[in-house]
J.: 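Structure provided below as structure tokens; questions to follow.
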Amino acid sequence: MIWNATMEKAGRTEMEELQLTRLRQVVDRVYHNVPSYRARMTAAGVKPDDIRSLADIARLPFTTKQDMREAYPYGLLAVPMKQVVRIHCSSGTTGRPTVVAYTRHDLAVWAEVLARTLVAGGLSDSSVFQVAVNYGLFTGGLGFHYAAELVGASVVPISGGNTARQVMLMKDFGTTAMIITPSYALHVAETMREMGVRPADTALQSVFCGAETWSDRMHDQIEETYGVKAYDVYGLSEIIGPGVSCECSAHDGLHIQEDHFYIEIVDPESGEVLPEGAKGEVVITTLTKEGMPMIRYRTRDLSALRRGRCACGRTQTRMDRVVGRSDDMLIIRGVNIFPSQVEDVLLGLGETAPHYQLLVERESALDMLTVMVEKADGIDGTPDATRAAERKIQDMLKAATGLSPRVRLVPPKTIERSEGKAKRVIDRRAM
Ligand code: DLL
């Protein structure tokens with residue numbers, strides 16, 4: 001099903017015309033209403049009238065997290081505070097949070113793009129939808145809540161955490177769809193089994209996941225465990241929250257809601273715009289946001305773009321699933337490695353549970369990586385067998401990444417479970 005066929009199946013020329021009109025409007029708005037944008041545009045020698053084609057967007061300066069921090073809390077507002085009806089924050093754990101503000105219109109756009117997302121994953125007015133991500137300043141809970149109501153589903157606003165209760169409600173309420181982080185989805189499944197409920201016996205049909213990177217194997221594992229279709233949902237608070245792009249049942253890239261968000265891929269080092277298909281940093285411009293529009297926001301997320309019609313009939317530009325952030329990447333003795341690459345190897349093995357952490361330490365000026373992963377239930381735990389398994393994992397990691405980290409197979413349930421975004425890397429180098 002398609003929520004908004006006009007936009008999701010628009011012709012390329014039509015869509016680009018709409019994007020250009022909206023781009024010119026938003027650039028004009030920020031230039032006249034937000035001193036920080038005007039100052040940065042002036043420094044770059046560009047005026048709103050210079051934007052005559054979509055390609056001209058490259059003349060505009062980037063906006064970074066640092067710009068947002070400097071503007072804390074309201075410096076990037078493009079409307080009077082009177083028009084702001086909601087404020088959220090990014091999930092950053094250090095320093096000042098980045099603040100985002102929504103007008104009534106922004107909230108309507110948010111519900112619209114997430115309604116498209118949910119309908120692409122099979123949600124309807126007969127669904128029972130469990131919101132198992134946090135409510136509050138985090139954009140996950142409230143974002144999905146209003147969108148699911150707009151679609152007409154029966155919404156269960158349980159929020160994240162309280163795992164045994166998640167399982168009970170899922171069973172008793174006949175939950176057919178949920179939004180959850182992928183790491184928490186696996187933790188809930190584990191708790192379910194402990195409670196004597198088989199995840200595949202629930203009424204669940206669609207599991208929407210996002211807010212953190214997850215490998216293709218993790219995607220498959222969630223589908224198999226619950227006997228469902230899993231859908232990737234991407235977004236970030238600075239832009240709107242979840243809803244920037246989403247998967248459909250073809251599982252072939254994430255459809256960008258490009259009538260509202262214009263995405264470029266740039267070289268993370270030079271900032272140069274890269275051609276279609278090239279992997280680089282996702283840079284997003286909000287085309288319709290009123291409260292706090294973002295011009296060329298550097299997300300640090302890595303992906304690539306693809307045009308062309310999807311098997312589902314949608315014509316929107318697609319982005320590859322985000323499997324890493326440029327600031328997630330570990331550089332261990334010159335080798336670049338992403339936690340998701342390690343995850344992919346571990347989940348392909350069958351002998352480990354999908355619970356792992358990467359520990360980075362500095363030992364006499366050398367960076368050392370230790371991969372800690374739980375042994376799967378029922379796997380031989382004798383010291384010999386454990387050592388052999390650790391060696392095997394080390395060899396596979398070496399083949400996949402070029403690096404031979406230390407591997408420690410730890411007993412089940414020893415790695416901290418997440419109820420939201422998982423903490424995959426413990427970096428002790430700076431401690
Ligand atoms: O995590 C919004 C969200 C909520 C998305 C619920 C999906 C579901 P922030 O807390 O601002 O917003 O974090 C945004 O999380 O820049 C990515 O690095 C990462 N991220 C979000 N979705 C995905 C995804 C929410 N589907 C940051 N795949 C982003 C990989 C994701 N990473």
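Just follow the structure's listing: the first ligand is 1, and inside any ligand the first atom is 1.
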J.: Among Gly210, Cys89, Gly235, whose heavy atom sits nearest atom 21 (C) of ligand 1?
T.: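 The option holding the nearest heavy atom is Gly235.
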J.: Give yes or no for whether the N/O distance cutoff of 3.5 Å, strictly under, is met between Ala211 and ligand 1.
T.: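 For ligand 1, there is an N or O atom that lies under 3.5 Å from one belonging to Ala211.
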J.: Please work out whether any backbone atom (N, CA, C, O) or any side-chain heavy atom from C-beta onward of Asp301 is under 4.0 Å from ligand 1, and answer side chain, backbone, both or neither.
T.: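 For Asp301, only side-chain atoms sit under 4.0 Å from ligand 1.
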J.: Is it the case that ligand 1 has an N or O less than 3.5 angstrom from some N or O of Ser90?
T.: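 So ligand 1 has no N or O lying under 3.5 Å from an N or O of Ser90.
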J.: Ring centroid separation for His355 and His187, is it under 6.0 angstrom?
T.: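 Between His355 and His187, the centre distance exceeds or equals 6.0 Å.
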J.: Do ligand 1 and Trp214 have nitrogen or oxygen atoms that lie under 3.5 Å from each other?
T.: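 Checking ligand 1 against Trp214, no N or O pair falls under 3.5 Å apart.
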J.: Of all the atoms in ligand 1, which lie at a distance below 4.0 Å from a heavy atom belonging to Leu236?
T.: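 Heavy-atom distances to Leu236 below 4.0 Å select 11 (O), 12 (O), 14 (C), 16 (O).
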J.: Considering the options Arg307, Glu276, Arg306, which one meets the side chain to side chain donor-acceptor pair (under 3.5 Å) requirement together with Thr317?
T.: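 Only one of Arg307, Glu276, Arg306 forms a side chain to side chain donor-acceptor pair (under 3.5 Å) with Thr317, namely Arg307.
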J.: If hydrogens are left out, which of Thr181, Val322, Val233, Val323 has an atom nearest to atom 24 (C) of ligand 1, that is, the closest non-hydrogen atom?
T.: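 Shortest heavy-atom distance from atom 24 (C) of ligand 1: Val233.
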J.: Any heavy atom of Phe138 sitting closer than 4.0 Å to ligand 1?
T.: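 Contact present.
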J.: Under 4.0 angstrom from ligand 1, any heavy atom of Arg321?
T.: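 The answer is no: ligand 1 sits nowhere under 4.0 Å from a heavy atom of Arg321.
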J.: Is there side-chain contact between Thr163 and Tyr184, with heavy atoms separated by less than 4.5 Å?
T.: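 In contact.
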J.: Taking the ring centre of each residue, are His260 and Trp110 less than 6.0 Å apart?
T.: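 Here the rings of Trp110 and His260 have centres that are no less than 6.0 Å from each other.
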J.: If we set the cut-off at 4.0 Å for heavy atoms, which region of Leu254 has an atom near ligand 1: side chain, backbone, both, or neither?
T.: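 Near ligand 1, Leu254 shows nothing, with every heavy atom at 4.0 Å or more.
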J.: Are the aromatic rings of His88 and Phe138 close, with centres under 6.0 Å apart?
T.: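 Between Phe138 and His88, which both carry aromatic rings, the centre distance is not below 6.0 Å.
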J.: Measure the acute angle between the ring planes of His251 and His219, then classify it against the limits of 30° and 60° as parallel, tilted or perpendicular.
T.: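 The arrangement is parallel - the two ring planes meet at less than 30°.
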J.: If I compare all heavy atoms of Leu349 with all of Thr352, which pair ends up nearest, and what's the gap?
T.: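 Smallest heavy-atom distance, with atoms named: CD2-CG2, 4.2 Å.
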